[in-house]
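Heads up, the thing below is written out as structure tokens.
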2 protein chains.
Amino acid sequence: MAVQIPETLLSALLQGEKFLIFTHVRPDGDAIGSAFGMRSFLLDQGKKADVLLPVDPPARYLKLGLDSLREADSNDYDTFIALDCAAFHRIADNGVLTNLADKSRFFSLDHHFTNNVDCAGFNFVDSKASSACEVVSALAFQSNLAFSKQTAEFLLTGMLTDTGGFKFSNTNGDVLRMAAKLLDKGVDFEKLINILFFSKPERQLRFESELISSQIKVACGGKFAYAFIPQELLDKYNFSLKEDEGIIDLLREIDGVVIAMLVHKQEDGFKVSLRSKDPRYPVAPIAADFGGGGHLMAAGATVELPEFSDLEKVFLEKVSAVLNG
Amino acid sequence: MAVQIPETLLSALLQGEKFLIFTHVRPDGDAIGSAFGMRSFLLDQGKKADVLLPVDPPARYLKLGLDSLREADSNDYDTFIALDCAAFHRIADNGVLTNLADKSRFFSLDHHFTNNVDCAGFNFVDSKASSACEVVSALAFQSNLAFSKQTAEFLLTGMLTDTGGFKFSNTNGDVLRMAAKLLDKGVDFEKLINILFFSKPERQLRFESELISSQIKVACGGKFAYAFIPQELLDKYNFSLKEDEGIIDLLREIDGVVIAMLVHKQEDGFKVSLRSKDPRYPVAPIAADFGGGGHLMAAGATVELPEFSDLEKVFLEKVSAVLNG
């Protein structure tokens with residue numbers, strides 16, 4: 001069923017005149033797209049709207065033209081919107097929302113089924129929506145207000161990145177129809193696709209090819225593919241994992257693989273990303289066992305263990321149990 | 001503009017009762033999808049319909065369930081349909097069409113702007129259509145006849161492969177709306193995507209990573225990426241280029257690359273595949289210079305030259321001229 005925004009939320013939101021918009025820490029394509037799409041939609045309506053982005057977004061999205069604030073004073077705004085944020089502590093708010101005494105004009109729009117942003121005046125979650133961008137698009141079309149192709153371009157961004165370019169299990173007729181309506185606004189789709197999917201730095205391509213040659217392992221009768229990314233390999237190619245969300249798809253695209261896992265070491269432990277290709281074998285429960293979260297088919301966790309070999313052993317058991325269970 | 005099938009063609013075609021369906025030699029996803037989609041649509045209507053496929057289709061498409069004939073007698077049929085065939089000599093007809101004296105019941109439905117199948121009783125070409133599958137889908141919906149999710153699955157196949165999963169420049173609102181309508185028929189999209197895009201044999205992944213490490217060159221200030229595929233590399237990984245249509249996308253996805261070229265040696269010369277990411281620099285004219293053809297942004301040719309180094313020199317000049325012209 002297509003996303004339906006409650007009319008009470010829509011009219012309350014549009015009563016605002018000065019908007020401050022937030023998204024989650026470590027913003028991805030959907031975070032960027034929904035935040036800047038919402039901003040652009042509100043600017044189209046002649047309202048004041050700013051995005052608060054405490055850190056630089058991934059470089060590839062800069063080509064979309066991102067105009068944001070590093071800090072903000074809540075007194076300058078009458079309405080606050082968090083987009084794509086499943087938990088309050090994950091909102092990159094620089095303290096602004098935390099210190100906001102009256103949260104009645106704080107709106108949260110999201111699509112994570114784990115969402116628990118209960119302190120918002122309005123918290124709308126449609127976990128069937130592919131992306132926060134699909135939610136914002138529904139809001140924009142439901143308002144019957146005109147909006148620009150710039151707005152449509154931002155909203156397509158998150159729809160494309162969160163569905164892996166209309167490939168993941170969250171793709172359906174409603175998403176495609178919504179994307180078609182956005183395309184009809186005159187978006188330069190080719191330019192957008194080139195930015196989002198055909199802009200891999202040559203050093204990343206070479207990094208990936210060495211990762212494949214040297215690190216990928218396939219286990220559980222070909223159903224589980226995983227790789228550990230050594231820091232030395234990242235250094236060799238001057239590559240940062242923040243630059244790309246798609247490395248794990250190298251594993252997922254292998255024939256017969258059902259669950260894919262990518263691991264790299266961070267200061268606070270091993271960061272584990274998990275993906276499933278089959279809804280009968282969801283990865284969210286595995287991530288939850290380690291205090292992680294995400295979606296049923298795409299989840300992650302931070303795991304504290306001494307060595308990768310320890311983690312490997314634990315996850316081989318966990319994944320094997322899911323695949324056999 | 002959405003594909004419009006002439007009503008005269010539609011009603012003439014549906015007057016048939018016994019259909020023989022053809023597609024082009026070296027069938028790709030769109031050839032397979034449109035031929036078997038048309039067959040399935042006609043079977044849905046209670047008609048007799050066969051696909052003539054003189055050779056085995058690429059292995060990955062077998063998972064779709066392809067039931068075809070290796071040879072056929074034209075006397076068993078009253079209607080003949082060629083799908084996705086730009087030239088008569090490229091139809092894999094096993095002589096059936098060639099020997100057909102009366103071609104008034106021979107229908108050709110295609111989307112190549114170079115189409116010249118003029119001997120058909122009806123030759124419909126919409127070069128704005130993304131794929132032959134989009135043309136057949138338009139025909140199916142325009143007929144107002146019910147059809148199965150199996151038919152929809154075949155038709156989505158070619159729409160997905162010819163648009164590179166809704167990424168290439170032939171993607172627009174009309175394609176997405178058509179795909180959405182097909183999805184609404186109840187297609188298991190996840191299964192289809194896994195077959196088409198997430199079924200790369202592990203040996204292919206390893207073949208690709210060695211190809212990247214050892215063969216990819218980037219020239220023309222980063223705008224031209226190309227690779228020669230040595231037969232030894234194919235042999236090493238027991239990999240055949242017939243297994244995959246996507247190798248060239250490894251080159252295309254590099255940031256800054258405008259034109260990508262993949263070359264391998266065949267008995268009759270070097271087979272050259274060309275792709276462009278920018279409509280200002282089409283590759284069809286380059287292919288045409290060597291007697292090749294295809295689409296503006298995706299074309300190919302067979303080139304007779306002694307060594308790859310000779311070819312490399314010639315194409316560096318040609319591509320450079322296009323990029324600077």
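Just so we're clear, the structure is a prediction, and the values are computed from it rather than from any experiment. The sequence lines fix the lettering, A, B, ..., with proteins before strands; numbering per chain opens at 1.
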Segment of Phe197(A) engaging chain B (4.5 angstrom heavy-atom cut-off)
both
Chain B contact via Met297(A) - side chain, backbone, both or neither, heavy atoms under 4.5 Å:
side chain
Of the non-hydrogen atoms in Phe168(A) and Phe198(B), which two are nearest, and what is the gap between them?
CE2-CZ, 4.0 Å
If I measure from the heavy atoms of chain A, does Phe189(B) come under 4.5 Å with its side chain, its backbone, both, or neither?
side chain
Interchain contact, Leu211(B) with chain A, by part (heavy-atom threshold 4.5 Å):
neither
Against chain A, label Val218(B) side chain, backbone, both or neither, depending on which of its atoms sit under 4.5 Å from a heavy atom there.
side chain
Can you check whether Val175(A) reaches Leu176(B) side chain to side chain, under 4.5 Å on heavy atoms?
no
At a 4.5 Å cut-off on heavy atoms, which part of Ile216(A) comes close to chain B: side chain, backbone, both, or neither?
both
Interchain donor-acceptor contacts below 3.5 Å (chain B, chain A):
residue: Lys63(B); atom: NZ; partner: Asp255(A); partner atom: OD1; Å: 3.2
residue: Arg177(B); atom: NH1; partner: Asp184(A); partner atom: OD2; Å: 2.8
residue: Arg177(B); atom: NH2; partner: Asp184(A); partner atom: OD1; Å: 3.1
residue: Arg177(B); atom: NH2; partner: Asp184(A); partner atom: OD2; Å: 3.0
residue: Asp184(B); atom: OD1; partner: Arg177(A); partner atom: NH2; Å: 3.1
residue: Asp184(B); atom: OD2; partner: Arg177(A); partner atom: NH1; Å: 2.8
residue: Asp184(B); atom: OD2; partner: Arg177(A); partner atom: NH2; Å: 3.0
residue: Asn194(B); atom: ND2; partner: Lys277(A); partner atom: O; Å: 3.2
residue: Phe198(B); atom: O; partner: Lys277(A); partner atom: NZ; Å: 2.8
residue: Ser199(B); atom: N; partner: Glu253(A); partner atom: O; Å: 3.3
residue: Lys200(B); atom: N; partner: Glu253(A); partner atom: O; Å: 2.8
residue: Lys200(B); atom: O; partner: Asp255(A); partner atom: N; Å: 2.6
residue: Lys200(B); atom: NZ; partner: Glu253(A); partner atom: OE2; Å: 2.9
residue: Arg206(B); atom: NH1; partner: Ile212(A); partner atom: O; Å: 3.1
residue: Arg206(B); atom: NH2; partner: Ile216(A); partner atom: O; Å: 3.2
residue: Ser209(B); atom: OG; partner: Ser213(A); partner atom: OG; Å: 3.0
residue: Ile212(B); atom: O; partner: Arg206(A); partner atom: NH1; Å: 3.1
residue: Ser213(B); atom: OG; partner: Ser209(A); partner atom: OG; Å: 3.1
residue: Ile216(B); atom: O; partner: Arg206(A); partner atom: NH2; Å: 3.2
residue: Glu253(B); atom: O; partner: Ser199(A); partner atom: N; Å: 3.3
residue: Glu253(B); atom: O; partner: Lys200(A); partner atom: N; Å: 2.8
residue: Glu253(B); atom: OE2; partner: Lys200(A); partner atom: NZ; Å: 2.9
residue: Asp255(B); atom: N; partner: Lys200(A); partner atom: O; Å: 2.6
residue: Asp255(B); atom: OD1; partner: Lys63(A); partner atom: NZ; Å: 3.2
residue: Lys277(B); atom: O; partner: Asn194(A); partner atom: ND2; Å: 3.2
residue: Lys277(B); atom: NZ; partner: Phe198(A); partner atom: O; Å: 2.8

